[in-house]
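Below is one structure, written out as structure tokens; the observations come after it.
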There are 2 protein chains.
Amino acid sequence: MTPSPKTTKAVFDRLRAAGLRPTRQRLALAKLLFAQGPRHITAEALFNEAKARRINVSLATIYNALHDFTESGLLREITVDANQSYFDTNISAHHHFYFEKSGRLQDVPADEIHITQLPTPPKGGTISRVDVVIRVAD
Amino acid sequence: MTPSPKTTKAVFDRLRAAGLRPTRQRLALAKLLFAQGPRHITAEALFNEAKARRINVSLATIYNALHDFTESGLLREITVDANQSYFDTNISAHHHFYFEKSGRLQDVPADEIHITQLPTPPKGGTISRVDVVIRVAD
DNA sequence: AAGTATTTTAGAATAATTCTAATTTATGTT
DNA sequence: AACATAAATTAGAATTATTCTAAAATACTT
Ligand SMILES: [Mn+2]
Ligand SMILES: [Mn+2]
Ligand SMILES: [Zn+2]
Ligand SMILES: [Zn+2]
């Protein structure tokens, strides 16, 4: 199957809208990240995936792209494991199951967790995000 | 002020009860960790604190002790920052404010967050813990 | 097409953590 | 108390994820 021009165009526009230059490598990585459904991926995993598809991208660029995407709101960084960062292509409000043995993350839609009371942050502070991680021993 | 024998004895017994040999360095570290109120500390911070008090302990031992304490239930490991692990001396059920700028953690008592609905974990999985992190932009 | 800012890159550097293998220590047993 | 043995400590090397550097390539504006 030849690459869908529709997908390419959509990804191109998405980068543009985010204020990021649609370079060859960002385009390729964004397609890997966003073509499928929601994903939770590490830098190393994305690097390997790119290699498998013969996309020539340096590891530094992987990190640059992941951080650039995160800063411009295309990705969200998730910290559940002390060893490596996960990047989430689902940027809407939601939570996670974290399978401790496999290290896999699974989305939990926001409406499946009801938080009916939350404390007020100390004076001067603003809540930037509330993360719920349900750790599952598998 | 000479070290309180009461505290020393209590810490000694606590290690014993946890099935850990009360060695010189574990005793000293446990006192640093548990003498005061609840703390959230990194390996490096504990190492520096030990040095400041002329407690001679290698960095490897700091890591060994923190992990041993965690495995035996005396500490809890908290993952909020991709760069380093935090160890929590408060092992009762509770949650956290995380001040993104300073990297400081603050306890939120369990009863200040009401979670009235939680999803069922996938078949075969058991919830080992539900962590709520309220990220505060300060 | 030229000029400039941005991006990419290889490889070196850094930082947290873990490992190794030798030494020391704790504890149970004579 | 001395002894034996398992467990813990240690210095330093190794590992791993990530960041940095500075040079080359590319994107975008004129
Ligand atoms: Mn990062
Ligand atoms: Mn650990
Ligand atoms: Zn997600
Ligand atoms: Zn805490």
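In this text the structure is predicted, and so the values were computed from the model without any measurement. So that the names make sense, note that chain A is the first sequence line, chain B the second, and so on, each numbered from 1.
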For the pair Thr89(B) (side chain) and Phe34(B) (backbone), establish whether a donor and an acceptor sit closer than 3.5 Å, ignoring hydrogens and angles.
no
For nucleotides 2-9 of chain C, give me one character per nucleotide, 5' to 3': B if any protein heavy atom sits under 4.0 Å from the base, S if the only such contacts are to the sugar-phosphate, - if neither.
----SSBB
Starting at CG of Asn83(B) and ending at P of dT16(D), how long is that distance when rounded to a whole Å?
18 Å
Quick one: Leu66(B) CG to dA8(D) P, roughly how many Å, whole number?
15 Å
Show me the pairs that pass side chain to side chain donor-acceptor pair (under 3.5 Å) and involve residues 50-59 of chain B, at least two apart or across chains.
Ser58(B)-Thr61(B)
Among residues at least two apart in sequence or on other chains, which ones pass side-chain hydrogen bond (donor to acceptor under 3.5 Å, both in side chains) with Ser72(A)?
none
Phosphate OP1/OP2 of dT17(C) contacted by Tyr63(B) side-chain N/O (<4.0 Å)
yes
When rounded to whole Å, the CD1 to C1' distance for the pair Ile55(B) and dT10(D) reads 17 Å
Rounded to the Å, how far apart are Glu44(A) CD and dT18(D) C1'?
12 Å
For the atom pair CZ (Arg16(A)) and CG (Asp13(A)), what is the distance rounded to the nearest 0.5 Å?
8.5 Å
5'-most by nearest nucleotide on DNA chain C - Ala43(B) or Pro22(B)
Ala43(B)
Return the angle between end axes of the helix from dA1(C)-dT30(D) to dT30(C)-dA1(D), with five pairs used per end and rounding to 10°.
30°
Integer-rounded Å distance: dA15(C) C1' and Phe47(B) CZ
14 Å
Determine whether more than 12 heavy atoms belonging to other residues, nucleotides or ligands lie under 6.0 Å from atom CZ of Arg104(A).
no
Other members of the hydrophobic cluster containing Ile91(A), with the 4.5 Å side-chain heavy-atom rule, please.
none
Whole Å only: how far is the NE2 atom of His67(B) from the P atom of dT9(D)?
14 Å
Just how far, in rounded Å, is C1' of dA17(D) from CG of Asn48(A)?
14 Å
Would His95(B) and Asp131(B) count as a side-chain hydrogen bond (donor to acceptor under 3.5 Å, both in side chains) if you check the C-alpha gap in whole Å, the side-chain angles of each, and the deciding distance to 0.1 Å?
CA-CA 6 Å; His95(B) 303 289; Asp131(B) 289 331; 5.4 Å; no
Measuring to OP1 and OP2 of dT18(D), would you say a side-chain N or O of Ser85(A) lies under 4.0 angstrom away?
yes
Tracing side-chain links under 4.5 Å among I, L, V, M, F, W and Y, which residues wind up in one group with Phe99(A)?
Phe97(A), Val108(A), Ile113(A), Ile115(A), Leu118(A), Ile127(A), Val130(A), Val132(A), Ile134(A), Val136(A), Phe97(B), Phe99(B), Val108(B), Ile113(B), Ile115(B), Leu118(B), Ile127(B), Val130(B), Val132(B), Ile134(B), Val136(B)
CG of Asp81(B) versus C1' of dT17(C): gap in Å, rounded?
14 Å
Output yes when a side-chain donor or acceptor of Arg135(B) lies under 3.5 Å from a complementary backbone atom of Glu100(B), and no otherwise.
no
